[in-house]
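Please read the structure below before turning to the comments.
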Amino acid sequence: MSQFLRPALAALDPYVPGEQPQDKSYIKLNTNENPYPPAPGVMEVITREAVSQLKLYSDPTIAPLKRAIAEQYGLMPENVFVTNGSDEALGFSFQAWADAEHPVTIPDISYGFYKVFAQLFQVSPKVIPLREDFTLPVEKFCGAGSMVVFANPNAPTGIALPLSEVEKIVASNPGHVVLVDEAYVDFGGESAVSLIGRYPNLLVVRTFSKSRSLAGARIGYAMGDPALIDDLERVRNSFHPYNINRLSMLAGVEAMKDTAYFEDCCKKIMATRQRTAEALKALGFTMTESSTNFLFAAPPALSGREYYEQLKDRGVLVRYFGGSRLSPYVRITIGSDEEMDVLLAKTREILKEAKA
Ligand code: PMP
């Protein structure tokens, strides 16, 4: 780093994304991408004509995509905010509602970006430990006295909180924004979107990266009371009003419209998850109950790191986080059935060698 960097930035630990190898080809089960391609309509809408229009700026109102999202969830476009990946929605939320005098309450084990944004925007986080079994101690988030941010289902644990528990947190914090990050909710969680009309402090954040197969298009969104959306628009329009590029907007509209394709992909992933979880348990793995497109699993006879490294040597990438409570575990994204068969075959090899 240079001598010019602000001290606050010099002290920050930036987010470390999962490996994205661009050279060797791996079976990639490390960043929770969808193994299936985007909806067929997406392929048709990215035409030569659409590409030629890239000479023009994109639509700063993002109106067509806001409309498509609002329609899908029975909301008004005024309830919808659209961002360059949901990371940007999270970042704008921290900027809108938290600072040195306005802290944020977060779980200790959750999406790593919450702590990074807290550091970046000089917000002091109030960090609440998950219980021993990795469930969220709901009572500690009730009446938190600050903005609250948590993922439901949580990552990397995969554990979902029932909607009634989410509602307790939202209802008990009327003076603060409660942000529920639903990046993985389409794989078996209960969404808090239905609560939006009743709670002006609730913001639900979603992404096209997982269940809509568009991680590379970078589209996220947030839904909530129009006043909250207004706050977020103030931040966006003070930073990057053209945050959604033309091709991503076209792709997003098509992906949001095709409910049948979306449901079919989610169903296939949940069935593959079930089958993979059963096979890994039969091999002696312990794991949490996943409501997501990944498994949080600990192998028998070797550490999380050893298992991760040995899988990588055999061409399969999973995510290892480390740290005292997470070190026995890896996070395994649910890929196609064929990819999971390779994972299982390599795992059997590794366990056989570990025992020999
Ligand atoms: N929230 C959670 C819980 C995540 O795991 C991720 C993906 N890393 C994101 C948000 C951000 O996803 P994206 O920026 O691709 O929408």
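Keep in mind that what you see is a predicted model, and the values were worked out from it rather than measured. In listed order, ligands and their atoms are each counted from 1.
Between Lys257 and Glu254 a salt bridge is recorded (basic side-chain N to carboxylate O distance below 4.0 Å).
In terms of protein heavy atoms, atom 7 (C) of ligand 1 is closest to Lys210 NZ, 3.1 Å. With respect to atom 14 (O) of ligand 1, the closest heavy atom belonging to the protein is Arg218 NH2, 2.8 Å. The nearest heavy-atom contact from the protein to atom 5 (O) of ligand 1 is Tyr184 OH, 2.6 Å. Counting only heavy atoms of the protein, atom 15 (O) of ligand 1 lies nearest to Ser209 OG, 2.6 Å. Residue, atom and distance of the protein heavy atom nearest to atom 6 (C) of ligand 1 are Tyr111 CZ, 3.5 Å. The protein non-hydrogen atom at the shortest distance from atom 12 (O) of ligand 1 is Ser86 OG, 3.3 Å.
With Tyr36 as the aromatic partner, Lys268 meets the cation-pi criteria of under 6.0 angstrom to the ring centre and within 45 degrees of the ring axis.
Here Asp313 contributes atom CG and Ile350 contributes atom CD1; the two are 8.5 Å apart, rounded to the nearest 0.5 Å. Separating the CD atom in Gln119 from the NZ atom in Lys115 is a distance of 9.5 Å, to the nearest 0.5 Å. Atom CD1 in Ile69 sits 5.0 Å away from atom CE in Met256 (nearest 0.5 Å).
At least one N/O-N/O distance between Thr207 and ligand 1 falls below 3.5 Å. On a distance-only criterion, Tyr15 and ligand 1 share no N/O pair closer than 3.5 Å.
Atom 3 (C) of ligand 1 has its nearest heavy-atom neighbour, among Asp181, Asn152, Asn154, in Asp181.
Note: Tyr111 and Tyr114 have perpendicular aromatic rings, judged against thresholds of 30 and 60 degrees for the angle between ring planes.
Residue-ligand proximity, Gly85 to ligand 1, at heavy-atom distances under 4.0 Å covers atoms 14 (O), 16 (O).
You'll find the ring centres of Tyr307 and Tyr320 outside the 6.0 Å limit.
Ser146 and Thr105 share a donor-acceptor pair across their side chains, judged by distance under 3.5 Å alone.
In this structure, Glu88 has no heavy atom closer than 4.0 Å to ligand 1. Residue Phe113 places no heavy atom under 4.0 Å from ligand 1.
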